[in-house]
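Working notes, beginning with the structure itself.
Numbering of residues begins at 1 and proceeds along the displayed sequence. These figures come from a predicted structure and were not determined experimentally.
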Amino acid sequence: MSKISRALLAATLMSVGALATTPITTHAATNGASTVQTTTDPLTTVKEPNIVIIKSAQAKVYSNPQLSQATGRTLPFASSWAATAVAKNTETGTVTAYQVATNQWIAANDITTQADFVGVQQPATGVIYISSATSKTYANPDLTGQANGSLPFKSGWKYTAVFKNGYGRIISYQVSTHQWVPAGNVQTDSHLVMSLEPGRGILRITKKGGASTYSATGQVNGHLTYGSRWRYAWILTDATRKVVAYQVGGNQFVTPEDSIESK
C-alpha cells in the first residue's frame with residue numbers, strides 16, 4: 001500500500017502552481033557584435049549589486065565603464081549575470097553601464113533587470129493539466145494581448161514548446177499553433193490536479209492489519225479493521241480520472257490500495 005502523501009490530498013483544497021527557477025550561471029563569452037555608443041560624459045561608478053539579463057542578440061563586453069575599450073567578447077541573449085556595480089552619468093544620474101566581472105562592463109541599453117522582459121522559446125514536449133477553474137490561452141508566448149480561448153479544469157493537453165524568461169523560468173506552454181497557456185494555471189503531474197466527485201458505493205478493507213484513514217491534508221486520522229465494510233459518498237480523482245481515494249467519513253479518506261469495491 002502506498003500512503004497518500006500530504007501534498008497529494010492537500011491539492012483537493014487548493015490549486016498548486018509550481019514555477020521552477022534556475023540558478024544564475026556563468027556563461028562563456030563568445031565572439032560577436034552589438035552596437036553601443038561610447039560615452040564621453042562624466043561618469044561615476046557605484047557599488048550596486050543586481051541581477052541583470054542580456055536583452056540584445058549579443059552584448060559587447062568592455063574593459064572600462066566608459067565603454068570605449070571593447071574586449072572582443074560578447075554575452076548571449078537571455079543570459080543572467082550578477083552585476084556588482086554601475087556606471088552613472090554624474091550630471092543626470094542615468095545608469096550607462098553594469099559591471100558583471102572585473103574589467104567587464106556591459107552597456108545599459110543591452111541589459112534589463114526585469115526577467116519577464118526577456119524571453120526564449122524552446123522546443124519541448126509533454127502533457128500539462130489545467131489546475132485552475134479555467135485557463136485562458138493567448139496567441140503570444142509572453143501572454144500579452146487579448147485571450148483567444150479557454151481550457152477547462154483537469155483537462156490534459158500536449159505541448160510542443162515552452163517560453164522561458166530571463167531566469168529560465170517557464171512562463172507558458174504552447175498547446176497549439178497560436179495558443180499558449182500560462183504556466184501558473186497548470187501542472188505537469190496529473191496527480192496534483194484533483195477534485196472531489198460524487199460516487200456512492202461500499203468498500204471492504206483488504207489490507208492485512210487494517211487500513212489508515214487520512215484527512216484532506218494527508219494526516220492519519222483513523223484506522224479501519226481488516227474485512228470491515230464502509231459506505232462512501234465521494235471519490236477523489238486526479239486529472240486522468242483515476243480514483244485516488246474514497247471518502248468514508250466527513251474528513252476521512254481511504255486509498256484504493258487498501259480496499260476494494262464490495263456489494
Side-chain angles (χ1 to χ4, degrees), residues 11 14-27 29-30 32-36 50-60 74-83 94-95 98 100 106-195 238-240:
M14 65 187 72
S15 294
V16 182
L19 295 176
T21 304
T22 55
I24 296 170
T25 56
T26 301
H27 299 264
T30 58
S34 62
T35 303
V36 296
N50 209 338
I51 303 303
V52 297
I53 303 100
I54 304 301
K55 66 179 183 180
S56 301
Q58 290 181 324
K60 273 188 177 181
T74 62
L75 302 182
F77 171 74
S79 58
S80 303
W81 304 86
T94 303
V95 174
Y98 290 83
V100 295
I106 309 297
N109 59 3
D110 284 335
I111 276 175
T112 179
T113 57
Q114 302 297 317
D116 289 343
F117 291 171
V118 177
V120 179
Q121 182 176 327
Q122 298 177 342
T125 57
V127 178
I128 55 173
Y129 302 91
I130 305 302
S131 57
S132 57
T134 59
S135 177
K136 292 180 178 180
T137 61
Y138 298 84
N140 299 321
D142 60 359
L143 308 178
T144 57
Q146 292 186 343
N148 63 359
S150 64
L151 304 177
F153 173 62
K154 290 180 75 172
S155 59
W157 303 86
K158 291 182 178 181
Y159 62 88
T160 56
V162 296
F163 185 76
K164 296 181 178 181
N165 70 7
Y167 292 152
R169 179 182 301 165
I170 294 177
I171 300 299
S172 61
Y173 294 85
Q174 186 177 30
V175 295
S176 68
T177 304
H178 298 295
Q179 286 190 300
W180 292 81
V181 184
N185 293 345
V186 307
Q187 290 285 347
T188 55
D189 184 347
S190 64
H191 295 302
L192 294 180
V193 183
M194 297 187 292
S195 62
D238 67 12
T240 64

Pairwise side-chain contact, [X] with [Y], heavy-atom cut-off 4.5 Å (strictly under):
X: F153; Y: S195; result: yes
X: D142; Y: W180; result: no
X: N148; Y: Q179; result: yes

Spatial distance of atom [atom1] ([X]) from atom [atom2] ([Y]) [nearest 0.5 Å]:
X: Y173; Y: T188; atom1: OH; atom2: OG1; result: 5.5 Å
X: R169; Y: K164; atom1: CZ; atom2: NZ; result: 12.5 Å
X: Q122; Y: I170; atom1: CD; atom2: CD1; result: 8.5 Å
X: F163; Y: I171; atom1: CZ; atom2: CD1; result: 7.5 Å
X: L75; Y: S56; atom1: CG; atom2: OG; result: 10.5 Å
X: M194; Y: Y129; atom1: CE; atom2: OH; result: 14.0 Å

Of all heavy-atom pairs between [X] and [Y], which one has the smallest distance, and what is that distance?
X: I106; Y: K60; result: CD1-O, 3.4 Å
X: V181; Y: S135; result: CG1-OG, 3.4 Å
X: I54; Y: A59; result: CG2-CB, 3.7 Å
X: N109; Y: K55; result: O-CE, 3.2 Å
X: S172; Y: L143; result: CB-CD2, 3.8 Å
X: Y159; Y: V127; result: CE2-N, 3.4 Å

Is a side-chain donor or acceptor of N50 paired with a backbone partner of V52 at a separation under 3.5 angstrom? no
If you count heavy atoms of other groups shown closer than 6.0 angstrom to NZ of K154, is the number above 12? yes
